[in-house]
2 protein chains.
Amino acid sequence: MAKVLIIGAGGVGRVVVQKCASLPEVFSEILLASRTKSKCDVIAEEVGQGRVKTAQLDADNVSETVALINEFKPFMVINVALPYQDLAIMDACLETGVHYLDTANYEPKDEAKFEYKWQWAYQDKFKEKGLMAVLGCGFDPGVTSIFTARAAKHHFDEIQYLDIVDCNAGDHGKAFATNFNPEINIREITQKGKYYEDGKWIETEPHEIHKDLNYPNIGPKRSYLIYHEELESLVKNFPSIKRARFWMTFGEEYLTHLRVIQNIGMARIDPVKFKGVEIVPLEFLKAVLPDPGELGENYSGETSIGCRIRGIKDGEEQTYYIWNNCKHEEAYKETGAQGVSYTTGVPAMIGAKMMIEGKWNGEGVFNVEEFDPDPFLTDLAEFGLPWHEKLNAEIEL
Amino acid sequence: MAKVLIIGAGGVGRVVVQKCASLPEVFSEILLASRTKSKCDVIAEEVGQGRVKTAQLDADNVSETVALINEFKPFMVINVALPYQDLAIMDACLETGVHYLDTANYEPKDEAKFEYKWQWAYQDKFKEKGLMAVLGCGFDPGVTSIFTARAAKHHFDEIQYLDIVDCNAGDHGKAFATNFNPEINIREITQKGKYYEDGKWIETEPHEIHKDLNYPNIGPKRSYLIYHEELESLVKNFPSIKRARFWMTFGEEYLTHLRVIQNIGMARIDPVKFKGVEIVPLEFLKAVLPDPGELGENYSGETSIGCRIRGIKDGEEQTYYIWNNCKHEEAYKETGAQGVSYTTGVPAMIGAKMMIEGKWNGEGVFNVEEFDPDPFLTDLAEFGLPWHEKLNAEIEL
């Protein structure tokens with residue numbers, strides 16, 4: 001039983017808070033902090049019964065976070081704020097001696113890179129302090145890595161081919177909206193594609209490679225090869241992997257909108273001087289697009305995210321598919337958040353639960369596939385994200 | 001021979017200055033003023049020989065404009081600044097006793113209206129002071145209205161059906177750019193369509209009505225019914241008109257970009273609070289889009305703008321088509337500006353020439369179709385925009 005500080009009051013924060021609040025035997029006290037305290041207050045009020053305390057916090061400011069941690073004295077911080085803020089929050093954890101967990105890797109503001117190097121560089125610092133930092137414990141990265149760990153533990157001697165497939169077949173009824181922070185989403189999707197093969201990273205033009213893939217309960221959907229951050233840690237932690245790729249579905253209208261956003265210069269992340277103020281076009285665009293945290297109502301359809309794996313078991317070729325499907329409507333009914341927030345928030349809560357219960361243990365900086373997948377996946381199914389697996393699956397890839 | 005103050009140093013300003021500078025027997029001295037003096041200096045240097053003086057001016061500020069006019073003492077102001085600034089510049093003209101000419105009607109900043117009412121309300125003030133204000137003397141409005149006046153003077157007893165057709169079959173090689181101020185362009189094109197029929201204005205959804213029209217030397221192009229400001233004054237000044245419409249060509253890609261710009265909220269003209277500053281999305285978009293004044297290089301193809309008219313002459317039905325075609329490349333070679341700037345700037349110079357030479361005369365506020373079209377059209381052809389006419393034309397509409 002432990003106290004947690006949750007930083008970030010967007011759609012994911014809402015899910016994490018609600019899920020933690022429902023388990024008082026694990027999460028004894030909850031403090032929710034964000035730049036905008038009123039957003040925390042709305043979530044706290046939804047939970048009710050005084051379960052959740054709230055605070056105003058500028059998480060870019062290490063000393064502010066240090067002061068808040070010293071006052072509240074949590075066991076750990078669950079960081080679901082902006083990826084730009086990861087390092088500042090890790091610094092505050094180191095200074096105050098509390099554990100750390102996040103759902104997306106650090107990214108510098110001025111370049112769209114998705115690399116672990118900045119956070120992996122904290123390895124020795126966390127070790128020295130006897131602290132644990134768990135990186136990327138959402139759905140992807142997060143559950144996808146733990147699915148891979150399960151495959152390695154139970155079904156393969158050697159994982160050779162890994163394809164992570166991420167389908168959102170939902171309809172939010174808006175002309176255009178992103179399912180999570182539009183700034184991060186657009187950065188991620190407009191960058192070049194990249195996959196791993198035979199020890200090398202191979203770059204593609206954005207959306208150059210696509211296939212129609214069949215998703216359970218959904219059917220065929222055009223899926224595009226993009227780069228996604230968990231590929232970097234997975235090929236490091238499972239060195240038998242010969243090829244690792246990530247596929248995501250996009251509708252044609254969505255891609256048209258992205259293309260235009262780039263053409264008109266609104267995806268730029270370098271500042272433009274306007275009325276004497278430096279303004280980053282993509283940040284301003286975020287301010288005018290619909291808030292992904294508000295997309296839940298009327299969001300229909302479902303997501304399907306999983307891993308399709310080929311490799312060797314007992315000298316024979318083995319294929320394996322492990323996945324979760326999540327219905328936007330049910331996620332909204334339960335938490336007031338849509339499916340993409342739900343599938344990110346639930347794993348974050350369970351990762352924190354693993355740390356508090358000592359089922360995940362260690363000193364230093366970890367990716368989630370380094371831990372035992374079994375207790376995590378048992379809880380995942382119990383707390384809202386049931387998963388399915390199939391050996392000798394027809395995996396198309 | 002007279003001195004002129006030209007306000008506005010965009011693509012149109014560049015053309016007006018060059019054309020005026022080439023006629024020292026009409027325009028004895030030229031002062032070019034703009035918010036950004038360096039833009040004026042670039043144009044003045046291109047003209048050379050010290051023909052053009054320059055000044056910094058915030059034309060929103062009436063007393064600044066009054067001071068500049070009192071110092072320079074021009075015969076008239078040629079206003080090719082932003083339409084929002086028309087009234088402030090007219091006020092300065094009234095206060096200092098100088099004549100006025102512009103190329104686009106006043107529009108309030110906070111609503112996309114294209115109506116003459118604000119400027120027509122200056123009628124008595126200009127009359128009382130014995131001054132002349134000429135409104136909308138670019139190509140459209142401007143030449144299109146004078147084409148209609150020519151039709152009325154020489155070829156019709158009664159104009160009944162008027163279709164103004166505006167085709168830009170040019171290619172600037174950019175993914176997306178507007179041909180004049182993007183703020184005004186996007187406001188104009190994203191508004192509802194409107195046309196005049198049997199004494200009433202009929203509104204349409206944006207781009208609801210379209211036809212493939214044939215343009216001389218270009219061929220068929222999809223043309224959309226939009227509202228354009230000269231329709232308002234033309235149906236007032238030619239009351240025999242039963243129906244008046246305006247058609248403009250747009251490519252599919254252009255419309256896709258416009259649709260997305262609206263979907264993502266970047267066409268909004270109400271301010272959004274961002275980093276403590278009030279920012280109008282459309283104004284910010286203008287800052288990141290290509291500068292239309294810089295589109296000239298590599299701009300190929302041509303424009304074709306004209307009037308297709310049906311009516312009665314000597315008791316018989318008459319049809320008539322009058323038009324100008326302008327090649328972007330030739331406009332650029334002559335002035336360093338593309339065709340859309342060229343076709344707006346040349347008529348502004350000629351309108352000013354008409355006023356200075358006393359060929360257009362009067363006290364009060366005027367639309368260009370109220371004057372004698374003949375001397376204007378003679379000069380138009382001589383100074384770069386030759387036009388063509390055809391009686392009994394196959395006018396498709």
Side-chain angles (χ1 to χ4, degrees), chain A residues 35-36 38 58 60 82 84 109 171-179 181-183 185-186 189-190 206 250-292 294-295, chain B residues 35-36 38 58 60 82 84 109 171-179 181-183 185-186 189-190 206 250-292 294-295:
Chain A
R35 195 183 300 273
T36 313
S38 58
D58 173 5
D60 288 325
L82 293 172
Y84 316 128
K109 261 214 119 131
D171 178 9
H172 48 56
K174 309 254 185 230
F176 181 75
T178 60
N179 289 299
N181 187 325
E183 208 185 326
N185 188 220
I186 292 171
I189 292 166
T190 56
F250 304 113
E252 231 178 277
E253 262 294 273
Y254 188 83
L255 291 178
T256 296
H257 278 69
L258 279 186
R259 182 170 62 82
V260 170
I261 285 168
Q262 289 178 285
N263 282 346
I264 64 177
M266 289 305 298
R268 284 170 58 182
I269 58 176
D270 58 310
V272 169
K273 195 96 174 183
F274 182 72
K275 291 191 167 178
V277 190
E278 300 260 300
I279 291 178
V280 173
L282 185 53
E283 283 181 27
F284 182 72
L285 179 62
K286 178 187 166 191
V288 296
L289 283 178
D291 177 353
E294 305 295 322
L295 286 182
Chain B
R35 195 183 300 272
T36 313
S38 59
D58 172 5
D60 288 326
L82 293 172
Y84 317 128
K109 262 215 117 129
D171 178 9
H172 48 55
K174 309 255 185 226
F176 180 75
T178 60
N179 290 297
N181 187 323
E183 208 186 325
N185 188 221
I186 292 171
I189 292 166
T190 56
F250 304 113
E252 231 177 276
E253 262 295 273
Y254 188 83
L255 292 178
T256 295
H257 278 69
L258 278 186
R259 182 170 62 81
V260 170
I261 285 169
Q262 289 179 284
N263 281 347
I264 63 177
M266 288 305 297
R268 284 169 60 181
I269 58 175
D270 59 308
V272 169
K273 195 97 174 181
F274 182 73
K275 291 190 168 177
V277 190
E278 300 259 300
I279 291 178
V280 173
L282 186 52
E283 283 181 26
F284 181 71
L285 179 62
K286 178 186 166 191
V288 294
L289 283 178
D291 178 353
E294 305 295 321
L295 287 182

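In the text below, chain A, chain B and the rest are named by the order of the sequence lines, each starting its count at 1. All heavy atoms count here, side chains included; hydrogens, waters and symmetry mates do not.
Within a 6.0 Å radius of CD in E252(A), no more than 12 heavy atoms belonging to other residues, nucleotides or ligands are found.
Between F284(B) and F274(A), the angle of the ring planes goes over 60°, which puts this pair in the perpendicular group of the 30/60° scheme.
The heavy-atom pair separating V288(B) from P281(A) by the smallest distance is CG1-CG, 3.8 Å.
Contact count versus chain A (heavy atoms, under 4.5 Å) is highest, among I264(B), L289(B), N263(B), I261(B), for I264(B).
For E253(B), the part lying under 4.5 angstrom from a heavy atom of chain A is the side chain only.
Here the side chains of K275(A) and I279(B) are not in contact, with every heavy-atom distance at 4.5 Å or above.
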